[in-house]
Amino acid sequence: MLVAELQELKANPHRNAKGTVIEACLDKAKGPLATLVVQNGTLNKADIIVCGEAYGKIRALYDDCGKLVDKAGPSNAVQVIGLNNVPLAGDEFEVVDNLDVARERANGRAEALRIERISAKAGEGKVTLSAIAASVSSAKQVGIDTHELNVILKVDFQGSIEAIRQAIQTLPQENVSLRFLLQGPGDVSVNDVDLAVALEGIIFGFNVRAPGSVKNYAKKKGVEIRMYKVIYDLIDDLRKAMEGLLEPAEEEVPIGSAKVRAVFSSGSGKVAGCMITTRKVVQDCNVRVLRKGKEVYVCSLDSLRRVKETVKEVGAGLECGIGVDDFDEWEEGDIIEAFSTVNKTRTLEEASVTLTVALKDAGVQL
């Protein structure tokens with residue numbers, strides 16, 4: 001008030017209202033609610049307003065005490081009911097003459113914002129580990145596994161966005177970085193689905209609805225919509241979606257080992273006469289040949305025989321013949337380790353460590 005008096009800041013109360021949205025939410029009983037600060041003019045009940053992509057005729061005005069009022073002048077904050085959708089905090093609002101004008105302006109802004117988001121995200125570039133990894137030459141990219149997950153987040157209150165964003169910060173994002181195409185309050189709409197189609201995104205909803213028509217449209221377009229009531233469920237599924245983008249890691253599972261006691265000629269190659277020393281050796285497994293503690297060869301076992309008969313497995317303490325088509329340089333005393341490989345889904349933490357090591361090996365200073 002002192003600054004306004006000294007600088008003679010004034011507003012005209014006798015004109016159509018203009019101002020800013022400071023908070024918005026989706027109430028289960030009242031529908032879209034928006035808290036507005038009137039910066040010029042007077043806002044009256046039954047006025048038709050445009051707020052960003054939302055518009056409508058004001059059905060009720062509530063003051064800061066929650067009481068119904070008929071109008072609000074400059075510098076007053078009121079909560080309004082009657083909008084067709086939930087606007088974003090920071091959107092400017094203005095009063096217009098009729099609903100047709102309001103609808104046209106709101107739709108025009110929605111289309112302009114959609115194009116702006118697509119253009120902005122298409123040219124977006126951040127200095128992150130993902131960006132660094134992309135700049136490393138292909139010859140050095142061994143072990144580098146980076147991706148992006150495009151997310152559209154629709155929530156009940158503007159404040160819910162900050163709570164979810166803070167929870168998401170606990171997820172490592174070196175390998176899979178999150179790009180928020182849109183985050184705001186309100187139900188999931190057709191425009192959200194169109195944005196997800198354009199930029200290959202997933203829609204996450206928290207305490208909001210997705211009308212049946214929107215779900216059908218999303219299904220037709222191949223867009224996934226996930227709805228939640230608990231933040232931690234959202235975060236868990238987001239982690240799973242991020243980890244699903246990672247390349248699986250191959251993990252060795254030991255099967256058994258054998259020791260070469262003699263070498264025999266067999267056709268055009270050689271076969272190792274072995275004693276199984278631990279567990280077992282099975283047909284078609286992978287084998288590693290060790291000589292004096294050093295790895296000599298890694299390949300697949302081609303033949304496993306016992307007493308001239310082909311068998312599926314041989315257990316510890318038994319003798320057998322082992323043959324490999326691509327290797328015949330057997331020596332007595334060689335150790336054969338049998339193993340299988342399985343694909344294991346990596347966690348974000350494991351992938352982060354792998355990426356850091358790969359970047360250091362590539363000569364990138366972190």
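With Asn286 contributing its side chain and Ser300 its backbone, the two residues share no donor-acceptor pair below 3.5 Å. Side chain of Thr277 to main chain of Ser257: a donor-acceptor pair is present (N/O by atom type, distance under 3.5 Å, no hydrogens or angles). Of the possible donor and acceptor atoms, none in the side chain of Arg209 sits under 3.5 Å from a partner among the backbone N and O of Asp187.
The NZ atom of Lys312 sits 10.5 Å away from atom CG of Asp284, with the distance rounded to the nearest 0.5 Å.
Under the 3.5 Å distance criterion, with hydrogens and angles disregarded, no donor-acceptor pair is assigned to the side chains of Asn216 and Ser213. Asp237 and Tyr228 share a donor-acceptor pair across their side chains, judged by distance under 3.5 Å alone.
If you run side-chain contact (heavy atoms from CB on, under 4.5 Å) between Tyr217 and each of Ile225, Asp194, Val223, only Asp194 comes through.
For the pair Arg226 and Phe206, the cation-pi criterion (under 6.0 Å, within 45° of the ring axis) is not fulfilled.
The environment of Asn12 atom CG is dense: over 12 non-hydrogen atoms of other residues, nucleotides or ligands sit within 6.0 angstrom. Heavy atoms of other residues, nucleotides or ligands lying less than 6.0 angstrom from CD of Glu329 number 12 at most. Surrounding CD of Glu224 are more than 12 heavy atoms belonging to other residues, nucleotides or ligands, all under 6.0 Å away.
Using a 4.5 Å heavy-atom cutoff, the side chains of Phe180 and Leu182 are not in contact. In this structure the side chain of Leu68 reaches within 4.5 angstrom of the side chain of Tyr62, judged on heavy atoms. Side-chain contact check for Leu33 versus Thr35: every heavy-atom pair is 4.5 Å or farther apart. Val253 places none of its side-chain heavy atoms less than 4.5 Å from the side chain of Thr341. Contact annotation: the side chain of Cys51 approaches that of Leu83 to within less than 4.5 Å [non-hydrogen atoms, C-beta and beyond].
Here the shortest heavy-atom pairing between Leu238 and Phe204 reads CD1-CZ, 3.6 Å.
Under the 4.5 Å side-chain contact rule for hydrophobic residues, Tyr55 and Val96 share a cluster. Taken together through direct or relayed side-chain contacts under 4.5 Å among Ile, Leu, Val, Met, Phe, Trp and Tyr, Val281 and Val289 form part of one hydrophobic cluster.
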Using the side-chain contact (heavy atoms from CB on, under 4.5 Å) rule, take Ile152 and Leu199 through it: C-alpha gap first, then chi angles, then the decisive distance, then the call. CA-CA 10 Å; Ile152 294 173; Leu199 294 172; over 6 Å; no

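Applying the ring pair (Phe, Tyr, Trp, His ring centres under 6.0 Å) test to residues at least two apart or on different chains, the pairs with a partner in residues 306-328 are Tyr297-Phe327, Phe327-Trp330.
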